[in-house]
Every structure is written in C-alpha cells, then in structure tokens.
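Everything below concerns the one structure shown next.
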Amino acid sequence: MDQTEQPRGNFIAFVNRDKKPGDRRPAFDGRIAFPGSDEERRLALWAHTYTDPKTGEVKTMFSGQAGAIATNTTAMDQIAALSAAPVDEQAATVGNLQLAAGQIVIFPNGFKAEAPDKDRPDFWGAFNPGDGSAVVRLSVWAKKDRNDNVMLTGATSYPMPGKSEAEQQAAQADLG
C-alpha cells in the first residue's frame with residue numbers, strides 16, 4: 001500500500017481563548033482520531049520555543065497529551081472504559097525521541113521550504129497511543145478559523161514501512 005492509500009484520521013486543535021501569558025493552561029485544545037477510525041480523543045497542547053542548533057533560529061514546537069478514552073462514544077461506553085482494567089501503558093520512540101503513553105509532540109516541518117509549489121504541512125509530529133500499537137504520525141497546518149483565531153488542523157497516519165524519519169517528513173502529502 002502506498003502513502004496515498006493509507007487510511008487517514010483527523011487532527012484539529014483550537015487556540016485556548018482562556019489562556020493568559022504566563023499561566024499554565026494549554027495553548028490549544030482539540031481532538032485526534034486514529035487513522036481509519038472515527039473514534040476521537042481529546043487533546044491539550046502547550047507551546048514551547050527552542051533554538052534550532054543548525055540555524056540558530058528560534059522556533060515553536062508543541063507538546064501535550066491525548067486522553068485515553070474516546071469522547072465520541074456513548075456515555076455508557078465511556079463509563080465502561082473508565083472502569084475497565086488498566087492498560088499496560090508503553091513508551092515508544094520516534095527517531096531518537098522517547099514518547100510517554102498518550103504524549104503528542106509537534107515540530108516545524110523543515111522540508112516545507114524545499115518545495116514551495118506543494119502544500120506541505122507546516123508541522124509534523126507523533127502521538128503514542130500508549131497501548132503498544134504503532135506510533136501515529138501527524139501532518140499539521142496552521143490555519144485560521146472563521147473568527148480569525150489560529151487553529152491547527154491536519155491528518156493522522158501510520159508510519160510508512162521502510163522510510164526513515166526524514167524521508168517520511170519530506171514525503172508527507174498535502175491536506176487534500
């Protein structure tokens with residue numbers, strides 16, 4: 001199966017309008033769905049800045065958590081999931097990055113400038129479901145909602161077999 005045939009999931013996060021400079025609230029909250037699934041989990045993202053060691057440029061990245069329970073299931077299904085036996089949460093790695101169970105990380109896409117004629121994502125990232133399943137990859141674009149507030153939107157997919165981390169970032173299809 002090539003990349004265009006892979007099932008996709010949704011990712012969307014809206015700016016937290018209650019966030020004030022210096023407080024501990026997340027910068028974004030939203031939802032994430034596994035590739036090929038309508039089951040959504042809530043997420044919260046915090047913005048961080050760092051200096052790119054290669055260019056010296058200050059960049060923004062996001063890190064956060066996704067809930068363990070699907071929010072678009074019935075109330076009784078959510079209650080059953082809350083009372084179920086705990087899942088053996090597992091850490092995962094993406095390249096040289098260790099992700100805790102439920103952790104999401106999103107970085108600027110360094111390959112975006114290489115092909116200005118393509119609508120490559122502004123950010124790439126990864127989500128560890130924490131249940132031993134594959135790490136979910138994220139392709140994320142910075143957009144504005146109808147009220148001119150920033151939002152992050154994109155798609156989730158599973159890693160492409162046989163591709164390095166850099167090859168997967170460079171090959172990410174556009175949102176369409």
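Residues: numbered from 1 along the sequence shown.
Going from atom CG of N72 over to atom CG of D77 covers 10.5 Å, rounded to the nearest 0.5 Å. In this structure, CD1 on I69 lies 15.0 Å from CD on E40, to the nearest 0.5 angstrom. We find the OG-CZ distance between S63 and F107 to be 8.5 Å, quoted to the nearest 0.5 Å. Of the inter-residue distances, the one linking R8 atom CZ with R137 atom CZ reads 10.0 Å to the nearest 0.5 angstrom. Here the CZ atom belonging to R31 is positioned 9.5 Å from the CG atom belonging to L43, to the nearest 0.5 angstrom.
At least one donor-acceptor pair under 3.5 Å links the side chain of Q78 to the backbone N or O of T73. Without hydrogens or angle criteria, N128 side chain to Q103 main chain gives no donor-acceptor distance under 3.5 Å. With hydrogens and angles ignored, the 3.5 Å screen pairs no side-chain donor or acceptor of K144 with any backbone N or O of N149. Looking at D52, its side chain never comes within 3.5 Å of a backbone N or O of G56 through a donor-acceptor pair. Counting only distance, with no hydrogens or angles, the side chain of T93 and the backbone of G95 share no donor-acceptor pair below 3.5 Å. Looking only at distances, no side-chain donor or acceptor of W141 sits under 3.5 Å from a matching main-chain atom of M151. Looking only at distances, no side-chain donor or acceptor of R41 sits under 3.5 Å from a matching main-chain atom of T71. Between the N10 side chain and the A155 main chain, no donor and acceptor come within less than 3.5 Å of each other.
N109 places a side-chain heavy atom less than 4.5 Å from the side chain of R120. Contact annotation: the side chain of P129 approaches that of F34 to within less than 4.5 Å [non-hydrogen atoms, C-beta and beyond]. Within the 4.5 Å cutoff, side-chain heavy atoms of I104 are placed close to those of L45. Here the side chains of R42 and D29 are in contact, with some heavy-atom distance below 4.5 Å. Residues L152 and F11 are in side-chain contact: their nearest non-hydrogen atoms beyond the backbone lie under 4.5 Å apart. For the pair V136/P35, a side-chain contact is recorded, criterion being any heavy-atom separation below 4.5 Å from C-beta on. Looking at D18 and R25, their side chains come closer than 4.5 Å, going by heavy atoms from C-beta outward.
In terms of hydrophobic clustering, with Ile, Leu, Val, Met, Phe, Trp and Tyr side chains grouped at heavy-atom distances under 4.5 Å, W46 and L97 are assigned to different clusters. F14 and F127 fall into different hydrophobic clusters, where Ile, Leu, Val, Met, Phe, Trp and Tyr side chains are chained together by heavy-atom contacts under 4.5 Å. Cluster annotation: V105 is connected to Y50 through the hydrophobic network of ILVMFWY side chains, with a link wherever side-chain heavy atoms come within less than 4.5 Å. If you chain together hydrophobic residues whose side chains sit under 4.5 Å apart, I32 and I12 never meet in one group. In the hydrophobic cluster analysis, where Ile, Leu, Val, Met, Phe, Trp and Tyr join through side-chain heavy atoms closer than 4.5 angstrom, M61 is grouped together with W124.
Of all heavy-atom pairs spanning K20 and R17, the tightest one is NZ-O, 4.2 Å. In terms of heavy atoms, A33 sits closest to S37 at CB-O, 3.7 Å. Nearest heavy atoms, V135 versus P159: O-CD, 3.2 Å.
Within a 6.0 Å sphere centred on CG of D38, heavy atoms belonging to other residues, nucleotides or ligands number 12 at most.
Aromatic ring centres of F123 and F62 lie closer together than 6.0 Å.
Using a 4.0 Å cut-off between charged nitrogen and carboxylate oxygen, D122 and K112 count as a salt-bridge pair.
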